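In the text below, chain A, chain B and the rest are named by the order of the sequence lines, each starting its count at 1. All values below were derived from every heavy atom in this structure, side-chain atoms included, with hydrogens, water molecules and symmetry-related copies excluded. Quick caveat: nothing in here was measured; it's all calculated off a predicted structure.
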Amino acid sequence: MSPATLESYLVVGAVLFALGMVGFLTRRNMIIMFLSAEMMLQGVAVNLVAFARFRGDLGGQVLVLFILTVAACEAALALAFILMLYKRRKSLDISVWQELREPDQDPVQDEEPLPDAPKPEDFQHLTPAGVQPPGKEETQEGSHA
Amino acid sequence: MVGLFADGEPERGVLPFLKENGLVLLPCVLGFAAIYLLLPQARRLKPAWGGGLAALALVLGAATLVRAGMSSVETMLFLAFAGIAIGAGVMMITQSNPVHAALSFALVVLSTCGLFLLQAAPFLMAATIIVYAGAIVVTFLFVIMLAQQEGVSNADQRSREPFLASLAGFVLLASLLCILQRSYLVPDENKDALDRITADLDKLTKAQTDADVIAVLGDPQKPVEFGKRTPALVKDLIALFSEASIRTESNKLAAAWNTMKRDDVKKTSAILLNAVQISRHSHGALRLDNVPGKENYKTPGHFAPGKLPAGNVAAIGKTLFTDYLIPVELAATLLLVATIGAIVIAGRRSEELR
Amino acid sequence: MFDFGITCLWLIPLLPLAASVIIALFGRRWLPDQCHLPCIAAAIGACVFSVIAFSAVASEPQPIAFGKDLAWISAGDVKANFSLRADGLTAVMLVMVTFIGSLIAIYSAGYMHGDPGYPRFFAAVSLFLFFMVGLVLANNFVLLYACWEGVGLCSYLLIGFWFAKPSAATAARKAFLVTRLGDIGLLIGIMILWTHSPGHSLEYDAVFAHADKYPSGVLFWACVCLFIGAAGKSAQFPLHVWLPDAMEGPSPVSALIHAATMVTAGVYLIARCVPLFALEPGAQLLVAGIGGFTALLAAVIAVTQTDLKRVLAYSTLSQLGFMFLALGSGIHFGEHKLAALAVTAAIFHLFTHAFFKALLFLSAGSVMHAMGNVIDMRQFGGLRKALPITHWTFLCGAAALAGVPLLSGFWSKDEVLVSVYDAWKHSPHYGGTYCLLFFSALFTAGLTAFYTARAYFKTFWGEEKLPPEAGHHPHEAPPIMAWPLRILAVGAVGVGVVLGPTHLFAKMLETRWAPPHLAAHPPGPNVVLMVFSVILAGVGIGLAYWMYVIQPSAAEHLARRMATIYEFSSKKFYFDELYDWTIVKPITILAHVCRIVDTYLIDGLVDLVGMGPAIVGYLVRPVQNGLVQFYAILMALGLAGFLLSVLLR
């Protein structure tokens, strides 16, 4: 009979927040970093909504609205920045930007070799129209013959 | 009933801490291991290990949350949405392909919206779906596709300091959960006391005759029984309120109880019952301003505690444009400025692109 | 008249101060060649006001006082006012200082013409005049001490006026440090007086009125300390080494500060404190002994010096010794109240000495001016015809110094001798010592005549000899330098006759300064003594004439015959070397040790401490690797650690 209690929602919010933080700290793709940050915001939003329900105060929901607003602004600016950075270095990797280190420090580089890179997926290609598909000439001719 | 809410000083030290919070810490440790294993790294185990650990942690966590008497539809929905949200969150931060990560994020947002809906926030649900899933995720995907036409990059298959970062994240999470446990998960003996008080008060509110009241409070004609029974209930309540650090209220209550008439007993009992209900969820709530009988819910955004109606969009609108008018205007300005900024920053052409 | 006299009291120091400030602030820009004007105007103005104040003092039985309530320092029990006072002693000093100061300022306008430090010179001279008149006008020991240090500062600035010259800079430093030593004595003396004076007052009247109630030992040591201060400033025996070196300053400075005024501040101090000294025969004997010894020592040294200004400097030492000898002879015993007489003799000698010694220095400056800054007597001679004015003025000063009858030095020196003689006759315990001092003083007087005549004859007589620096035609002093010389010459010749035998000076001091219990009527002139000193002077001058004019080889012959004494005398009895070995060298060695400790121990420790942060920085520098996420991880770890510590607390 009793609904899922306040603390359950708080737990969910905390987990989302922590996951977002871990993602922000580890992932090197700038876009995923930003998605992680947004996930942290989602965790906070869950908390606020739960409090609003529990306290019977819509202020919590209004705060979430403001979070939405700020998140939208943040996303717009972040995307703009990411695009700009991408134009400079042709990479979304945050680790290419480490010029602000101490002058006598060597740049951090990836030492460990990656395992075999996954093979690019072999998509089915359609035969371009009006061009003879290569390598099938003989069989065709053979069949004709 | 001295022990009601008054836990006394919690024991210090690591071992008592582990004993107290073991149920909360175990899923955290498991989750830490799972995330560490799942994060993209140069050398990694098969994802099945990490996935299994994550699932185990999730189930354990859910088990600590689920209680007896929590089998309603709402609870089931909550568990489903929460599970999907957390699972999708894990997916998002562990997928090496950014496109998959973005899609997982969309799933997180959607399930969060489900939680919003459960918590009587339909407007927020709609807004979040539109803004996040509709706009932000699509834009992100657009950028990813623009930037990574050659597929998964080298950097996406590595993580920066996975161990330290997961450690930091999960220590933080464990701390939060321990604090939540300390604040909200009421120990069993306290729960029994609360149940008894609730039952007594419930009977008092529903009492039709003096005999019913006497059944609860004891017969005033028989001072021994009355003195035996009443003070127990009153003492509990007084303890409850003094725990809530409203000592003046508790003193007033103690004084009023002794001079109270039968009808007043019924009315007061109803109010007290409400207060006790709230305190079942959290005795922390009593520290705030919703003291029984206090009528301060006048502004549009306020409802009785725990009584937020599901159809509250109109109330949100009223609140936004009365209480929060200036912040709304500021937020609008912020949006405008951010838009202009984004255009200026992204529109700057670098030399090599010309 | 009386009210105007009070106004004069604060106008006298104010004028030179204003001149100094004006020159220092605006001189270089707006008055580059007219810097002497404010200084001369202020000096003459101060002189005029001094004369007015003098007449005011002469017409009033009570001293003029000003600013008794003008609080200056009030810190706990130490209180001092800007209180000024003029009595007979002050008035005499004031007139002397401002008159000589005016003449020297005028002379300097010519002498210093064209010097790049022209404004600086006159600013310092004005400042010196301010401090000097402040010193004699002060009515309490604190103000006196402040001005005392002020004149020391100005002396330092002016000795080191040509600071680019190493010898001048060294001399300035030496003068400053040696006089500082004396100043510490003075300061301690003032502290002793402060401790025991009623209500911790340092006003003269309060201190002196209470003098006989001091514990005996305390008074003795207070007097000794005051005398140490006086000996430092007036260059008496143990601390005398700075004055000859101070001749590195410009000649007008030597005349003003190191002959006429500042060095007499010590004499003034002892004279002012005679109410204290009169009660302590032991202290007086010390003053007399040091004074007599310095007089003899300096005279012996002066005999062999070849630098004209140094001869004059040692002569100054010697004459100052005479003054102290006189002051120390002012015994006060029973019906023999000699204190006031002795002070009169000392101050009278101070007064006349200021005239003729300033004259001698200015004349020497004129010689130096003409000789292209050469001052060694061996390099010139027979300047009688080339520099007629200078010759005559120098002759007047030298004759006065030598004690030629009827000139001013004759009268004042005679009074000094009389006071010592009286002390010998009347001292209850120390008669023998005073007898020794008396004969030593007589011998010194003869020596004085000898070396003065020697300097005169070597410079102006004999065959004409010019140093190459002078060019072929030595030029006589321009009028702006010549006129002060003439006026001073008149003073050197006439001041003694006007004031000495007529007892004008003695009456002024006795009626307008001397405390009643110290006063006594001046005795008649001691004719026997006069004759005796005339004979001595004549012998000295005659000997010098014979040795340096008639028989020039005799001097060298004599020097060879008395080689040891000659050597000691010309090397100033090795005092500089002695001090160098006993004080300067050990301190230098100590300084070197300190430097080594500082360089290797303290600096090492400091460097070690400084290396700590560097090492820590080196260790934690890898944290700054430029990766945004790494920073964020550190932040998150910190937050997690903090939360854990709160939880586990």
Which region of [X], side chain (C-beta onward) or backbone (N, CA, C, O), has a non-hydrogen atom less than 4.5 Å from a non-hydrogen atom of chain A, or is it both or neither?
X: B/Leu335; answer: both
X: B/Phe123; answer: side chain
X: B/Val328; answer: both
X: B/Ala62; answer: neither
X: B/Val90; answer: both
X: B/Ile35; answer: side chain
X: B/Leu172; answer: side chain
X: B/Ile316; answer: both
X: B/Leu77; answer: neither

With side chains defined as the heavy atoms from C-beta onward, is the minimum distance between [X] and [Y] less than 4.5 Å?
X: A/Tyr9; Y: B/Leu118; answer: yes
X: A/Asn29; Y: B/Pro98; answer: yes
X: B/Ile93; Y: A/Met39; answer: yes
X: B/Leu115; Y: A/Val49; answer: no

Could you give me the CA-CA distance, side-chain angles and deciding distance for A/Gln61 and B/Asn312, then say whether side-chain contact (heavy atoms from CB on, under 4.5 Å) is met?
CA-CA 10 Å; A/Gln61 295 197 10; B/Asn312 55 15; 3.7 Å; yes

On a heavy-atom basis, which atom in [X] and which in [Y] lie closest, and how many Å separate them?
X: A/Arg27; Y: B/Ser96; result: NH2-CA, 3.5 Å
X: B/Arg160; Y: A/Ser95; result: NH2-OG, 2.6 Å
X: A/Leu16; Y: B/Ala85; result: CD2-O, 4.0 Å
X: B/Ala165; Y: A/Val22; result: O-CG2, 4.0 Å
X: A/Leu77; Y: B/Ala342; result: CD2-N, 3.6 Å
X: B/Ala120; Y: A/Arg53; result: CB-CD, 4.0 Å

Just so I understand: if I count every heavy-atom pair under 4.5 Å between each of [options] and chain B, which residue has the most?
options: A/Ile82, A/Val15, A/Ile94; result: A/Val15
options: A/Leu68, A/Asp93, A/Leu83; result: A/Leu68
options: A/Ala76, A/Ala14, A/Gly20; result: A/Ala14
options: A/Cys73, A/Ala18, A/Ala72; result: A/Cys73
options: A/Val62, A/Val64, A/Val108, A/Val12; result: A/Val62

Interatomic spacing from [atom1] in [X] to [atom2] in [Y] - rounded to 0.5 Å:
X: A/Leu48; Y: B/Phe116; atom1: CG; atom2: CZ; result: 8.5 Å
X: B/Leu164; Y: A/Thr26; atom1: CG; atom2: OG1; result: 11.5 Å
X: B/Lys318; Y: A/Leu58; atom1: NZ; atom2: CG; result: 11.0 Å

Chain B contact via [X] - which portion, at a heavy-atom distance below 4.5 Å:
X: A/Glu74; answer: neither
X: A/Phe17; answer: side chain
X: A/Leu35; answer: both
X: A/Leu41; answer: side chain
X: A/Ala78; answer: neither
X: A/Val96; answer: neither
X: A/Leu79; answer: side chain
X: A/Leu19; answer: both
X: A/Met21; answer: side chain

Evaluation steps, side-chain contact (heavy atoms from CB on, under 4.5 Å), between A/Glu38 and B/Val108
CA-CA 10 Å; A/Glu38 299 293 341; B/Val108 172; over 6 Å; no

Report, as yes or no, whether the 6.0 Å neighbourhood of atom CG on B/Leu330 holds more than 12 heavy atoms from other residues, nucleotides or ligands.
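Yes - once you tally the heavy atoms of other residues, nucleotides and ligands closer than 6.0 Å, there are more than 12.
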
Among [options], residue most engaged with chain A (heavy-atom pairs, under 4.5 Å):
options: B/Ala82, B/Gly61, B/Ala331, B/Gly31; answer: B/Ala331
options: B/Ala121, B/Ala332, B/Ala101; answer: B/Ala121
options: B/Val131, B/Leu167, B/Thr128, B/Leu176; answer: B/Thr128

